[in-house]
Undergrad: 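Here it is, the structure, as structure tokens.
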Amino acid sequence: MSIYQGGLVAALLAVAISLTCLSSHAEAQGLAVGYYTNSCPTVETIIYNSMWDSYTRDPTTAPGVLRLAFHDCFVRGCDASVLLDGVDSEKAAAVNVNLHGFDAIDAAKTAVEDACPGTVSCADILQYAARDSVLLTGGEGWDVSGGRRDGFTSSSADPPLELPLQTMTVPELLANFAAKNLNAAHMVALSGSHSIGVAHCQFIVDRLYNYPNSATGSDPSLPADLLEFLKTQCPDSAATPEINIDEVSPGTFDSQYFDNIIRNRGVIASDQHLMDHTSTQGEVAANNGPAFGGNFGRAMVVMARFNVLTGSAGQIRTNCRQVN
Ligand code: HEM
């Protein structure tokens, strides 16, 4: 065997071993693409159709549901804890005050229960519906694994401890995402979710009036016209307008968000500051184009594996808002 052939065999072996490791990792977690092929073969179509109905009635459903999937996975893992009602549940945390899209998940769950009672978890429905939100707004899809089960617990004390804040520095954001097994490339691609949806003044005013170490009080990276627009919209944190996070194409899931922040036109402080750090700046440039769609899907797959309940852990809720 030539050296070249020997090297090729070794390389193929290495690929085979790593693929085996990857698949056994996924199997060990009990997650699989096509998990419901036998038990509920049309589940993904049912959820897509239901999401289409909800989205055509209210286009804000798409960003709402995508953000729900993120806030679910980052707090106690992807276990549908964010969907549970209760005065002290995650929904009651201040950082979750504007979460929405719960009714779209309820509608999808009802449609799924009609076809396959007691079979599909709310945690899985949320991840399928997040993928569909991206598809419905013009983004690329990705294969979503099923097999998650629903948790029993949801506490308003958890979101502030687990979710990233718009006031965090890049090293703080990286540490927050690393704790969820997500690296800098994943974090920047996932931030591209801000290609759709809105932000409220309460999450913007820090940047306008109380920015740390700024003589003017505002974030010096803001261009004058954007600063003026945001100050007019948000005279204080109680002002209620909803500011498009992507000022150019707010309803379309595309890479425009990255182009905006390269031009210093990010609305959320933490988005703009991805340009401040070498480890994230290159990733912003890499996502400013057609590579974004694939990068985003791959990062969502990693996020959607975090701390999942599988096998006999947890339960399949009948109603996503309450434990059985
Ligand atoms: C990098 C850390 C992140 C920070 C600091 C952050 C922060 C924020 C803030 C402050 C808002 C506005 C919320 C409001 O006005 O109520 C927002 C909106 C949003 N975020 Fe993030 N986010 C981050 C990452 C993500 C990720 C990873 C996703 C999804 C995978 C995501 C999806 C969204 C979506 C879709 C919206 C718009 C929601 C709507 O229109 O209702 N964000 N984010």
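Hydrogens, waters and symmetry mates are skipped; everything else that's a heavy atom, side chains included, is used. As the structure lists them, so they are numbered: ligands from 1, and atoms in each ligand from 1.
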Undergrad: What part of Asn176, side chain from CB on, backbone N/CA/C/O, both or neither, has a heavy atom under 4.0 Å from ligand 1?
TA: neither
Undergrad: Just go through Ser133, Cys201, Ser270 and tell me whose heavy atom is the nearest to atom 4 (C) of ligand 1.
TA: Ser270
Undergrad: Has Lys180 got its NZ or CZ under 6.0 Å from the middle of the six-membered ring of Phe70, at an angle within 45 degrees of the ring axis?
TA: no
Undergrad: Could you find the nearest protein heavy atom to atom 3 (C) of ligand 1 and give me its residue, atom name and distance?
TA: Pro164 CG, 3.8 Å
Undergrad: By the definition side-chain contact (heavy atoms from CB on, under 4.5 Å), identify the one residue from Ile125, Thr318, Leu83, Asn319 that meets it with Lys109.
TA: Ile125
Undergrad: For ligand 1, which part of Leu165 has a heavy atom less than 4.0 Å away: the side chain, the backbone, both, or neither?
TA: backbone
Undergrad: Any non-hydrogen side-chain atom of Arg131 less than 4.5 Å from a side-chain atom of Met300?
TA: no
Undergrad: By number and element, which atoms of ligand 1 are closer than 4.0 Å to a non-hydrogen atom of Gly197?
TA: 37 (C), 40 (O)
Undergrad: Considering only heavy atoms of His200, which atoms of ligand 1 have at least one such atom less than 4.0 Å away?
TA: 14 (C), 15 (O), 16 (O)
Undergrad: Quiz question: by atom type and distance under 3.5 Å, do the side chains of Asp124 and Tyr36 form a donor-acceptor pair?
TA: yes
Undergrad: In terms of residue, atom name and distance, what is the protein heavy atom nearest to atom 11 (C) of ligand 1?
TA: Ile268 CD1, 3.7 Å
Undergrad: Answer with yes or no whether the side chains of Gln322 and Asp85 bring together a donor and an acceptor at under 3.5 Å.
TA: no
Undergrad: May I ask you to check if ligand 1 and Val198 share an N or O to N or O distance below 3.5 Å?
TA: yes
Undergrad: Quick one: do Glu162 and Arg76 satisfy salt bridge (charged side-chain N to carboxylate O under 4.0 Å, His left out)? Show the steps, please.
TA: CA-CA 8 Å; Glu162 302 295 340; Arg76 310 188 70 86; over 6 Å; no
Undergrad: Between Glu90 and Ser81, is there a side-chain donor-acceptor contact under 3.5 Å, judged purely by atom types and distance?
TA: yes
Undergrad: Do Glu172 and Asn176 have a side chain donor and acceptor closer than 3.5 Å?
TA: no
Undergrad: For ligand 1, which atoms sit closer than 4.0 Å to a heavy atom of Phe177?
TA: 1 (C), 2 (C)
Undergrad: Give a yes-or-no answer on whether the side chains of Tyr211 and Asp206 include a donor-acceptor pair shorter than 3.5 Å.
TA: no
Undergrad: Run the salt bridge (charged side-chain N to carboxylate O under 4.0 Å, His left out) check on Arg321 and Asp106 step by step: do they pass?
TA: CA-CA 8 Å; Arg321 292 175 183 267; Asp106 291 339; 2.7 Å; yes
Undergrad: Is Asn98 close to ligand 1, meaning an N/O of one under 3.5 Å from an N/O of the other?
TA: yes
Undergrad: When you check the side-chain N and O atoms of Ser249 and Asp246, is any donor under 3.5 Å from an acceptor?
TA: yes
Undergrad: Which atom, among the N/O/S set of His194, is closest to atom 21 (Fe) of ligand 1?
TA: NE2
Undergrad: How far is atom 13 (C) of ligand 1 from the closest protein heavy atom, and which atom is that?
TA: Arg67 NH2, 3.3 Å
Undergrad: Within ligand 1, which atoms have a heavy atom of Ile245 less than 4.0 Å away?
TA: 18 (C)
Undergrad: Any idea which protein heavy atom is nearest atom 25 (C) of ligand 1, and the distance to it?
TA: Phe70 CE2, 3.2 Å
Undergrad: Using a 4.0 Å cutoff against the non-hydrogen atoms of Ala199, which atoms of ligand 1 qualify?
TA: 12 (C), 15 (O)
Undergrad: Report the part of His100 (side chain from C-beta onward, or backbone N, CA, C, O) that has a heavy atom under 4.0 Å from ligand 1; answer both or neither where that applies.
TA: side chain
Undergrad: Look at atom 30 (C) of ligand 1 and find which of Ala189, Gly101, Ser193 reaches it with the closest heavy atom.
TA: Ser193
Undergrad: Go through the side-chain N and O atoms of Asp219 and His273 and say whether any donor and acceptor fall under 3.5 Å apart.
TA: yes
Undergrad: Please classify the Ser191 to ligand 1 contact at 4.0 Å (heavy-atom distances, strictly less than): side chain, backbone, both or neither.
TA: side chain
Undergrad: Check Pro63 against ligand 1 and report side chain, backbone, both or neither, counting heavy atoms closer than 4.0 Å.
TA: both
